[in-house]
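Notes to accompany the following structure.
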Amino acid sequence: MKRETLLLLIAVMMLSAVGLVLVFSASPAYTSVTDKDDPRDMFHFFSRQVVYLTLGFVGMLALSRFDYHRWNSRWAYRTLLVLTLALLVLVLVIGAEINNARRWLSLPIVGTVQPSEFAKFAIVILLAVKLSENQHDLKSLKRGFLPPVLLIMLFSGLIVLEHELSTPAVIACVGMLMVGIAGARWWHLGLSLFGGGAGFVILCLVSPERIRRLLAFLDPWEHRFEDGMQLVQSLAGFARGEIWGTGVGAGEQKLFYLHAANNDFIFSVWGEEMGLVGTLALVALFVFFLVIGTRVALCAPDLLGALLAFGVVIMIAMQGAINMGVTTGLLPTTGLPLPFISAGGSALIMNLAMVGVLLNVAQQASEPEAKGRLAAAAA
């Protein structure tokens with residue numbers, strides 16, 4: 001599927017290019033963060049984004065050449081599992097604490113990494129391997145269904161201990177969707193979703209900070225000087241952009257009115273500077289990525305490839321939808337970045353790495369064999 005491979009590359013490169021433009025646009029407002037008088041400080045975040053993007057594309061190209069069937073080997077599976085668990089545990093012990101959360105880990109040579117981003121990549125690989133191996137036992141609660149669910153719970157639980165809830169929720173949703181696509185019984189999925197939903201609600205209710213966020217989401221104007229300020233400023237950016245936007249670099253909300261303008265709320269900056277037309281164009285680009293990625297999954301040569309492709313596409317698309325929903329007031333405020341666009345290293349590199357896996361599946365996919373593959377696998 002050379003056409004789909006090319007289209008995926010084009011979509012990812014366009015999204016990454018938008019990210020570079022937006023990070024550069026928002027960077028001058030954050031010049032003081034570096035605490036230097038060097039006038040080149042305005043390129044601080046932009047230059048870092050270029051480095052991360054370069055590393056990400058190198059990883060993407062490397063994984064696009066790595067035969068996805070090799071993830072089936074014990075050494076690859078166990079190495080990935082052990083490394084992910086080690087990072088998730090290590091960040092709880094020696095991770096840097098910022099805003100009452102331990103999400104970042106400083107490693108020699110590598111620098112600062114966010115293990116939860118690596119866990120998103122790992123859970124897609126590990127679940128795809130486990131589900132394809134246990135395909136014939138997946139109808140069994142003990143032998144087929146519980147092992148992947150326990151893996152999802154383990155990863156999500158460790159990240160919850162970092163005082164983060166949005167990433168565990170995404171990992172759980174993507175993981176259970178993969179289990180469902182692989183052919184699990186619907187009543188097994190229903191019970192798991194009910195238990196997971198109850199746990200999510202409890203975690204929200206026991207945290208005063210999360211309750212405040214929910215109240216601010218329900219009525220941001222009532223809390224506009226406290227927890228609702230972020231959403232109010234974000235909506236003000238979209239309103240100011242109107243139809244055609246103020247122009248690249250001409251946005252005002254990023255000038256310390258809107259917190260996290262170059263990462264979590266970068267979509268609002270795009271809405272202000274490019275208007276409704278630009279906003280819809282960016283949404284369409286993500287939808288285009290979703291459609292092409294789904295086509296690759298449907299044309300994958302086997303269940304492992306189909307699950308890998310679906311997992312990658314759902315993981316990236318869901319994060320994009322949640323980020324856009326947060327910045328437009330459709331969802332409560334979370335800390336999820338906009339894939340390929342928000343400033344940051346771990347998320348950008350891992351998203352591009354996942355695209356590399358998707359590209360490898362696309363290169364081995366063959367359209368004539370797509371008919372009924374997943375249906376036959378789930379039967």
Side-chain angles (χ1 to χ4, degrees), residues 68-69 71-72 74 76-78 80-81 84-85 88 116-160 165-201 203 290 293-294 296-319 321-322 336 350 354 357-358 361 370 372-379:
Y68 71 85
H69 294 98
W71 291 111
N72 251 330
R74 288 188 176 183
Y77 184 91
R78 291 178 178 177
L80 185 61
L81 177 60
T84 305
L85 291 177
L88 291 176
S116 59
E117 294 296 335
F118 188 79
K120 295 174 186 176
F121 171 84
I123 196 67
V124 171
I125 304 295
L126 297 174
L127 283 180
V129 172
K130 182 60 65 177
L131 291 170
S132 60
E133 284 182 351
N134 297 346
Q135 176 185 350
H136 299 294
D137 293 327
L138 199 56
K139 302 294 184 181
S140 169
L141 178 63
K142 183 177 180 180
R143 296 191 307 273
F145 184 76
L146 282 182
V149 171
L150 291 176
L151 182 64
I152 295 170
M153 292 176 61
L154 178 60
F155 277 28
S156 300
L158 288 173
I159 300 174
V160 166
L165 196 56
S166 54
T167 295
V170 169
I171 286 178
C173 289
V174 173
M176 295 310 299
L177 282 172
M178 291 179 66
V179 173
I181 290 171
R185 294 184 185 275
W186 288 109
W187 71 272
H188 289 168
L189 290 170
L191 289 176
S192 298
L193 292 176
F194 177 79
F200 181 83
V201 171
L203 288 172
L290 174 63
T294 301
V296 170
L298 293 173
C299 296
D302 50 32
L303 183 60
L304 174 60
L307 289 173
L308 283 173
F310 267 121
V312 169
V313 171
I314 295 171
M315 180 69 76
I316 292 175
M318 182 175 293
Q319 291 181 86
I322 292 175
L336 287 177
M350 287 298 104
M354 285 192 284
V357 176
L358 179 61
V361 177
R373 181 176 297 115
L374 284 179

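These values consider heavy atoms only, across backbone and side chains, with no hydrogens, waters or symmetry-generated copies. If you're wondering where the values come from, they're calculated on a predicted model, not measured in any experiment.
- Atom CG of Leu308 sits about 11.5 Å away from atom CE of Met354, to the nearest 0.5 Å.
- Rounded to the nearest 0.5 angstrom, Phe310 CZ and Ile181 CD1 are separated by 5.0 Å.
- At a threshold of 4.5 Å between non-hydrogen side-chain atoms, the residues Val296 and Val313 do not count as touching.
- Taking both residues in full, the closest heavy atoms of Leu189 and Gly180 are given as CD1-CA, 3.5 Å, listed atom of the first, atom of the second, then distance.
- Each of Val170, Leu165, Ile171 was scored for a side chain to side chain contact (heavy atoms under 4.5 Å, CB included) with Thr167, with one residue passing: Ile171.
- Within the 4.5 Å cutoff, side-chain heavy atoms of Leu85 are placed close to those of Leu158.
- The two atoms that bring Val361 and Gly305 nearest to each other are CG1-O, 3.6 Å, heavy atoms only.
- Of all non-hydrogen atoms in Leu138 and Ala184, the two that sit nearest each other are CD2-N, 3.6 Å.
- Contact record, Ala309 with Gly293: CB-O, 4.5 Å, taken as the closest heavy-atom pair.
- Side-chain contact check for Tyr68 versus Asp302: some heavy-atom pair is nearer than 4.5 Å.
- Remark: the backbone N or O of Gly183 is paired with a side-chain donor or acceptor of Lys139 at under 3.5 angstrom.
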Worksheet item: Does the pair Leu154 and Leu88 meet the rule for a side chain to side chain contact (heavy atoms under 4.5 Å, CB included), with working shown?
Response: CA-CA 10 Å; Leu154 178 60; Leu88 291 176; over 6 Å; no
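- Of the inter-residue distances, the one linking Asp137 atom CG with Leu131 atom CG reads 12.0 Å to the nearest 0.5 angstrom.
- Here the straight-line distance linking atom OG of Ser156 with atom CG of Leu203 works out to 10.5 Å at 0.5 Å rounding.
- The shortest side-chain heavy-atom distance between Lys120 and Val124 does not fall under the 4.5 Å cut-off.
- The ring-ring contact (aromatic ring centres under 6.0 Å, His included) test applied to Phe145 returns His188, not counting sequence neighbours.
- At least one side-chain heavy atom of Leu80 sits less than 4.5 Å from a side-chain heavy atom of Phe118.
- Residues Ala122 and Thr84 approach most closely at CB-OG1, 3.2 Å, considering heavy atoms.
- The CG atom of Leu126 sits 5.5 Å away from the CG atom of Leu81 when rounded to the nearest 0.5 Å.
- The line from CD of Glu117 to CE of Met350 is 8.5 Å long, rounded to the nearest 0.5 Å.
- Taking a 6.0 Å sphere around CE of Met176, one finds it holds more than 12 heavy atoms contributed by other residues, nucleotides or ligands.
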Worksheet entry | Trace of the side chain to side chain contact (heavy atoms under 4.5 Å, CB included) decision for Arg143 with Asn134 | CA-CA 8 Å; Arg143 296 191 307 273; Asn134 297 346; over 6 Å; no
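- The heavy-atom pair separating Ala128 from Ser132 by the smallest distance is O-OG, 2.9 Å.
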